[in-house]
Amino acid sequence: MPLKKPTSLPERDTLRMALPSKGRMAEDTLQLLRDCQLNVVKPNPRQYVAGISQLPELEVWFQRATDVVRKLAYGDVDLGIVGADMVAEIGAGDPDLVVVHDGLRFGQCHLALGVPNTGRFAGVESLDDLRARFDRAEAPLRVVTGYHNVAQRFFEANGFRHVALLSADGALEAAPAMGFADIILDLVSSGVTLRENNLREIEGGRVMSSQGVLVANRRALLQRPRLLEIVHELLERLDAHLSANEFYSLVANMRGESEAQVAELLLSSELLGGLQGPTISPVITRGPDGRGAVQHGFYAAQVCVPKKQLYPAIKEIRKLGGSGVLTLPIMYIFDDEPRRWHSLLETLNLAPADVPVQ
Ligand SMILES: Nc1ncnc2c1ncn2[C@@H]1O[C@H](COP(=O)(O)OP(=O)(O)OP(=O)(O)O)[C@@H](O)[C@H]1O
Ligand SMILES: O=P(O)(O)OC[C@H]1O[C@H](OP(=O)(O)OP(=O)(O)O)[C@H](O)[C@@H]1O
Ligand SMILES: [Mg+2]
């Protein structure tokens, strides 16, 4: 019989965060935290508890992805990092789970139906086709998946009435060829596994997209002293790193009559407006007397551009008379207050004044 969820939080003095112990998310989670200057120190590889020196009151527990969500739901851990797919499957509709950060930009994949290219399913192009031809009481559609809860909701929402959900612990893509199932519902990222197994996605067959998310236990957020402060710090560090990762900082020499005129030139371009407009500085060179002298008609301009727009931005700078463009990575962008912090406070019905954070 399943254990009923306790009505009060387990008593303990420490705060706990669960991270995936193995699989694809494990190393990327640790790397993300390292990128935020948070080093998880694991005394030895077989040990399941670790610490982060910058957050001494937080214990880190390594758990299988499914257990990260279960333990969050029960309040045995207060925070966790896991794929959104796992939250949907294991924690669906649980009011105790609060997604604090919904886009950690790793573990990107989506859950989708995989339908055989050959045989009875060869002509099925869309979910509507699939329902019209294979949702039959006399021969239910056999779907193998590790995501029974997600699958059940998806098929119900899409009007299927005769689906048999089957289980397997891995290599689901082999099941249709083996004759064990008709189609699969599994994670896809590059699509190679589907393709190599003679399966394909169909129109309307995408179930949900997923990436790493930071999740918390709602009651822990409200009742455990210091947890909200730690969450605030995590959100600040994560967003500072994740948003910096999207941009390059460019420094270029620009010809112009004045700072204002150079600024105007740059602002005339959509690409070069920067995050908050460009920064323009005079260029100082050594004069004949050995002292610094302002070089007239020359300015250094600094702008941030999206990484994907790097080359168009450089062409634009040249078009505006710029030269010598230095391209620098940005480590962190600490903005005023993370947008997700405000959303979290709203979710918890708290006012900013209730949570004094530095
Ligand atoms: N191909 C993929 N590309 C990107 N992310 C993925 C991919 N497969 C899985 N993930 C993400 O990683 C999480 C963990 O999956 P993974 O397959 O590494 O572990 P697992 O299947 O839970 O455990 P095990 O290694 O024991 O099978 C998934 O819940 C999902 O969020
Ligand atoms: O679209 P692709 O890039 O090919 O990735 C999809 C595959 O990745 C996952 O399996 P994984 O490699 O984690 O193996 P597993 O079944 O042992 O978990 C998933 O279950 C798919 O089989
Ligand atoms: Mg897997």
Side-chain angles (χ1 to χ4, degrees), residues 17-33 35 40 42 45-46 48 60-73 77 79-94 97 99-117 142-154 165-178 180-203 205-216 238 242 245:
M17 175 159 73
L19 303 182
S21 54
K22 61 189 282 273
R24 294 176 181 258
M25 304 277 286
E27 185 41 46
D28 289 351
T29 304
L30 295 180
Q31 185 58 48
L32 173 69
L33 293 172
D35 289 341
V40 178
K42 208 172 174 181
R46 294 297 301 166
Y48 291 111
V60 173
W61 288 80
F62 291 98
Q63 294 286 297
R64 293 288 288 270
T66 42
D67 287 334
V68 170
V69 183
R70 286 189 190 109
K71 283 168 184 159
L72 269 166
V77 301
L79 295 173
I81 293 181
V82 74
D85 56 328
M86 282 295 154
V87 181
E89 175 61 19
I90 309 286
D94 188 325
L97 296 178
V99 175
V100 174
H101 197 301
D102 60 354
L104 297 177
R105 301 201 204 144
F106 73 100
Q108 282 111 332
C109 52
H110 60 273
L111 273 170
L113 301 186
V115 175
N117 286 323
R142 296 170 307 153
V143 184
V144 64
T145 182
Y147 294 82
H148 282 227
N149 295 326
V150 172
Q152 198 179 343
R153 290 197 299 272
F154 177 77
L165 296 177
L166 308 171
S167 303
D169 287 331
L172 302 188
E173 288 85 353
M178 227 179 239
F180 171 68
D182 298 318
I183 66 170
I184 72 166
L185 190 164
D186 197 15
L187 293 171
V188 181
S189 56
S190 66
V192 171
T193 316
L194 277 186
R195 205 163 54 239
E196 295 296 313
N197 286 283
N198 225 353
L199 300 169
R200 76 207 134 90
E201 289 190 50
I202 55 170
E203 199 195 313
R206 279 204 180 199
V207 178
M208 69 172 285
S209 53
S210 178
Q211 60 179 305
V213 294
L214 172 66
V215 190
L238 287 165
L242 292 171
N245 220 14

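First listed ligand is number 1; within each ligand, the first listed atom is number 1.
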Between Val69 and the options Val77, Val82, Asp94, the side chain to side chain contact (heavy atoms under 4.5 Å, CB included) test singles out Val82
Atoms of ligand 1, numbered as shown, that sit under 4.0 Å from any heavy atom of Leu187 | 8 (N), 9 (C), 10 (N), 28 (C), 30 (C)
Taking only heavy atoms of Glu173, which atoms of ligand 2 are found under 4.0 Å from at least one of them?
-> 21 (C), 22 (O)
With a cut-off of 4.0 Å, which atoms of ligand 2 are near a heavy atom of Val188?
-> 1 (O)
Do any nitrogen or oxygen atoms of Gly170 lie less than 3.5 angstrom from nitrogen or oxygen atoms of ligand 2?
-> no
In terms of heavy-atom contacts, does CD of Glu27 have more than 12 from other residues, nucleotides or ligands at under 6.0 Å?
-> yes
Taking the minimum heavy-atom distance to atom 7 (C) of ligand 2, which of Thr193, Asp169, Thr145 ranks first?
-> Thr193
In this structure, are over 12 heavy atoms from other groups packed under 6.0 Å from Tyr48 atom OH?
-> no
Which of the atoms of ligand 1 are close to Gly83, meaning less than 4.0 Å from one of its heavy atoms?
-> 31 (O)
Pick one of side chain, backbone, both or neither for how Arg24 approaches ligand 1, counting any non-hydrogen atom pair under 4.0 Å.
-> both
Taking the non-hydrogen atoms of Gly170, is any one of them nearer than 4.0 angstrom to ligand 1?
-> no
Pick out which of Val115, Val143, Leu199 makes a side chain to side chain contact (heavy atoms under 4.5 Å, CB included) with Pro176.
-> Leu199
Those atoms of ligand 2 less than 4.0 Å from some heavy atom in Asp186 | 19 (C), 20 (O), 21 (C), 22 (O)
Using the test side chain to side chain donor-acceptor pair (under 3.5 Å), find all partners of Arg64 that sit at least two apart in sequence or belong to another chain.
-> none
What is the distance from atom CE of Met86 to atom CG of Leu72, rounded to the nearest 0.5 Å?
-> 13.5 Å
Any donor and acceptor pair, going by atom type alone, linking the side chain of Glu89 with main-chain N or O of Asn149 inside 3.5 Å?
-> yes
Which pairs of donor and acceptor atoms, one on a side chain in residues 186-197, lie under 3.5 Å apart (sequence neighbours left out)?
| residue | atom | partner | partner atom | Å |
| --- | --- | --- | --- | --- |
| Ser190 | OG | Val192 | N | 3.2 |
| Asn197 | ND2 | Thr193 | O | 2.8 |

Which ligand 2 atoms are under 4.0 Å away from a heavy-atom of Ser190?
-> 1 (O), 2 (P), 3 (O), 4 (O)
Could you list the atoms of ligand 1 found under 4.0 angstrom from a heavy atom of Met86?
-> 29 (O)
Which option, Lys22, Gln211, Gln108, owns the non-hydrogen atom nearest atom 4 (C) of ligand 1?
-> Gln108
